[in-house]
2 protein chains.
Amino acid sequence: MKYNGQLLAELEFALKPIKVGVLGLGTVGGGTVNILKRNAAEIARRAGREIIITRASARDLQKPRICDTQDIQLTTDPLDIINDPDIDIIVETIGGAGTVKDMILTAIANGKHIVTANKSLIATHGNEIFAKASEQGVIVAFEAAVAGGIPIIKAIREGLSGNQIQWVAGIINGTGNFILTEMRDKGRDFADVLAEAQALGYAEADPTFDVEGIDAGHKLTILASIAFGIPLQFEKVYTEGITEIARIDVEYAEQLGYRIKHLGIARKTAEGIELRVHPTLIPERRLIANVNGVMNAVLVKGDAVGATLYYGAGAGAEPTGSSVVADVIDVVRALTSDPENRVPHLAFRADALADIPVLSAERIKTSYYLRLNAEDKPGVLADVTKILADHDISIEAIIQKEPPKDSTALPIIMLTQITLEQEMNAAIRAIEALPTVSGKVNRIRMETLG
Amino acid sequence: MKYNGQLLAELEFALKPIKVGVLGLGTVGGGTVNILKRNAAEIARRAGREIIITRASARDLQKPRICDTQDIQLTTDPLDIINDPDIDIIVETIGGAGTVKDMILTAIANGKHIVTANKSLIATHGNEIFAKASEQGVIVAFEAAVAGGIPIIKAIREGLSGNQIQWVAGIINGTGNFILTEMRDKGRDFADVLAEAQALGYAEADPTFDVEGIDAGHKLTILASIAFGIPLQFEKVYTEGITEIARIDVEYAEQLGYRIKHLGIARKTAEGIELRVHPTLIPERRLIANVNGVMNAVLVKGDAVGATLYYGAGAGAEPTGSSVVADVIDVVRALTSDPENRVPHLAFRADALADIPVLSAERIKTSYYLRLNAEDKPGVLADVTKILADHDISIEAIIQKEPPKDSTALPIIMLTQITLEQEMNAAIRAIEALPTVSGKVNRIRMETLG
């Protein structure tokens, strides 16, 4: 009798539709609703059961939506959904790391599985959230938090699981890439393109997160953790934005065979891990140098596989919704699995995370593009190159440009070999102190990504 | 007591190293051994337990190996391993679809999970193999069968599982891509580059599988099944190789802003599914047009995510081994899972595969690059364009080239709009019958891949 009862319970479970509650009905929430409705048949053919959104929350229920909310019970209070015993999976698309953190912890305490698109939440509170989730035996899935529709979390965590990952380098902020692409294609200035991006809705009214590299820093934090098996450490990411990139640097880079891209780079070295977001000169022949507009791409170098690249839309309702829905299906498949044998949240088992130091910015090693303005006098170049030599910095190329119409200062461009950042900082201070050099030395890091 | 006993059994299972037997110690087998040995610690941190190769088979035990076989019990008879009750997972890297099929079926009957790199086996016998595996509740994993180290099976089957896939287009044969890249970069002829590729070991002594598109056809068969949820149907793939591509076509394509790539294309249309492998003109600004040498790349278009691209090494010991090892880790994680809730072999559940017809070659719709040699007489162009118009074929562009030094025939290049292949075949027959046209009409299909 008991055996039959168990069988029946299992059968019922297998046939029962999975009930999803969505927190937030903005871009990503709306995209998720649209995909789960439109592709319901296709998804059931894959997952073996129906997945339906029964409840959703939104701050303002009167606001026009990009999705059809028929058959979805709406509320303004996310806790209504989090505390509903009928809901199996919570999809969180509210964003931000404030009150949302408490909501997620409550949902976990209630035994809900979580799918989230929230990069700042995971990057800043992920360690705590994953620990609580493991205690409760629930999954917190976050594919949509990095690079929108590109299944990059899955590729690194599962697809390359046989590799020691050596480095990850990605264009992981679409707004920044749109701005740099426009600057290059149309010879426009940063401020001008930013204003247009804001008008087009690509950039927020407050663009700080995008153009200062904070958004990319959140995503890089997550990529580095799953690549190297280290705890999430957003506070240790070096971030530099694209606001200082001048049109002239984009042009010079082009003439030298390079493109400037805003990259998030995580590299494992013998000394520790480099975590850095900054504009970067990349050889134009590299595939990632040709990723333009709002598109994202992530290069991953593994010791066995070599370099692999993943490209797609990094934002938008349905691309990001695509990752949310894939995570929901993964969670559904794992509902009957042994929690111990699931893919660990940070790719490596929580008890096997490594305590590898993250290097300070001064200890980064890279090569550099330098631009400075010098007086057109004999001896200037000798002074500059002597300073570089004193700091053990080898020069790959020096190019003198014609002075611009409105100036007598001679632009000098230098490309260096790989150098310790600390030495470069000291050299730049010394060069800027030369009486024959006017203004600041513009420095952009370079990577071959080979 | 029983409860404690059960706990102990579970604990023992959790701690027990997983024992893998490898069939074949050539390139892929050797690469797999090297990765599992070198990255053993990293892999244990991910999988939560040791994964060790305890047995391996090879035809000739005296042959020098790329891997260290110390601690591995060797045999010349794969059945020794297949019938060993101690082996949990069989890795098959022998290749070919003959005797290997029976080995795999025996291993499945013995309850072994299988990881294979064998594209021809899966493409031609996969339906039968997966059916038997499902009966036995075992997994047959085949990431390494398509595009080497790129986790493309996982990306489509799991990463894009919320999408209706619209089309897949890939450079999935490295040898062919190497030959086309050399032809373009160095202005060389097909036969000349093929001979070099054979000398370098990129191409087999019998290059038919590579240059005639059969290898790509095997891989496309697999990609189409997991993209659309249809049974494997290799026999319905239209395959055309690269042996007829002339240096002059590579040059003309270049002048028109295109690159010629050998693509495998699977597209779902209202009438049915197109499955085709052939040389293809692609706009040079597309990322995939810039994938060169032996590298592979697959573009996947989903209704929610849009176009995504996956790039990496398509062959070689460790890149392919990377996919084998990732599959082994996936299998280890799934050992305690409910077979009903695992990712289905062909992405969609076996009872939910769709019976969508595969279209014959005549029903393909695409645009075309045509090159023909005509006498330099008035009226020739009028005759040709009238034939095209009679077959409802719209012309996008016509370019007349100077006759080559040793000829009086005038090369005419035409680009058409999208056309039914059947109409194009009839038009070409009519054009070739014109007395003013000499020789054959060279036809290369074109895709925008937007």
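In the text below, chain A, chain B and the rest are named by the order of the sequence lines, each starting its count at 1. None of these values were measured; they are calculated from a predicted model.
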### Message
What part of B/E143 gets within 4.5 angstrom of chain A, counting heavy atoms only: side chain, backbone, both, or neither?
### Response
neither
### From CD1 (B/I226) to CZ (A/R46), nearest 0.5 Å
8.5 Å
### Query
chain B heavy atoms under 4.5 Å from A/I288: which part of the residue, side chain, backbone, both or neither?
neither
### Query
Nearest 0.5 Å, what's the OG-CD1 distance between A/S161 and B/I43?
7.5 Å
### Task
Against chain B, label A/I153 side chain, backbone, both or neither, depending on which of its atoms sit under 4.5 Å from a heavy atom there.
neither
### Summary
Pair count under 4.5 Å, heavy atoms only, with chain B: among A/A304, A/G148, A/P151, A/A334, highest is A/A304
### Message
Between B/L353 and chain A, with a heavy-atom cut-off of 4.5 Å, which part of the residue counts as in contact: side chain, backbone, both or neither?
### Response
backbone
### Task
Side chain from CB out, backbone as N, CA, C, O: work out which of these in A/V300 comes under 4.5 Å of a heavy atom of chain B, or both, or neither.
neither
### Query
Under 3.5 Å, is there a donor-acceptor pair linking the side chains of A/D303 and B/N39?
yes
### Message
If you count heavy-atom pairs within less than 4.5 Å of chain B, which of A/A317, A/A352, A/G312 leads?
### Response
A/A352
## Note on the structure
Okay, A/A347 and chain B: the region with an atom under 4.5 Å from a heavy atom over there is both
#### Entry: Distance (rounded to the nearest 0.5 Å) between B/K154 NZ and A/K154 NZ
5.0 Å
### Task
Let me know if A/E158 has heavy atoms under 4.5 Å from chain B in its side chain, its backbone, both or neither.
both
#### Entry: Neighbour count >12 (heavy atoms, 6.0 Å) for atom CD, A/E340
no
### CG on A/L309 to CD1 on B/I150, rounded to 0.5 Å
9.5 Å
### Message
Determine whether B/Y310 and A/Y310 satisfy the following criterion, side chain to side chain contact (heavy atoms under 4.5 Å, CB included), listing intermediate values before the conclusion.
### Response
CA-CA 5 Å; B/Y310 309 84; A/Y310 309 83; 3.7 Å; yes
### Largest heavy-atom contact set with chain B, pairs under 4.5 Å, which of A/G159, A/G31, A/G149
A/G159
## Note on the structure
When the 4.5 angstrom heavy-atom criterion is applied to A/D330 and chain B, the contacting part is side chain
### Best-contacting candidate, B/S322, B/G321, B/A44, B/A297, against chain A by heavy atom pairs under 4.5 angstrom
B/S322
### Criterion side chain to side chain contact (heavy atoms under 4.5 Å, CB included) on B/R342 and A/T336, from CA distance to verdict
CA-CA 10 Å; B/R342 287 179 190 149; A/T336 59; over 6 Å; no
## Note on the structure
dist A/L287:CG -> B/L287:CG (nearest 0.5 Å) comes out at 4.0 Å
### Choice from A/E318, A/R45, A/R157 maximising heavy atom contacts with chain B below 4.5 Å
A/R45
### Message
Can you tell me how far apart CG (B/D338) and CG (A/L335) are? Round to the nearest 0.5 Å.
### Response
10.5 Å
## Note on the structure
Turns out that what part of B/V324 lies under 4.5 Å from chain A's heavy atoms comes down to neither
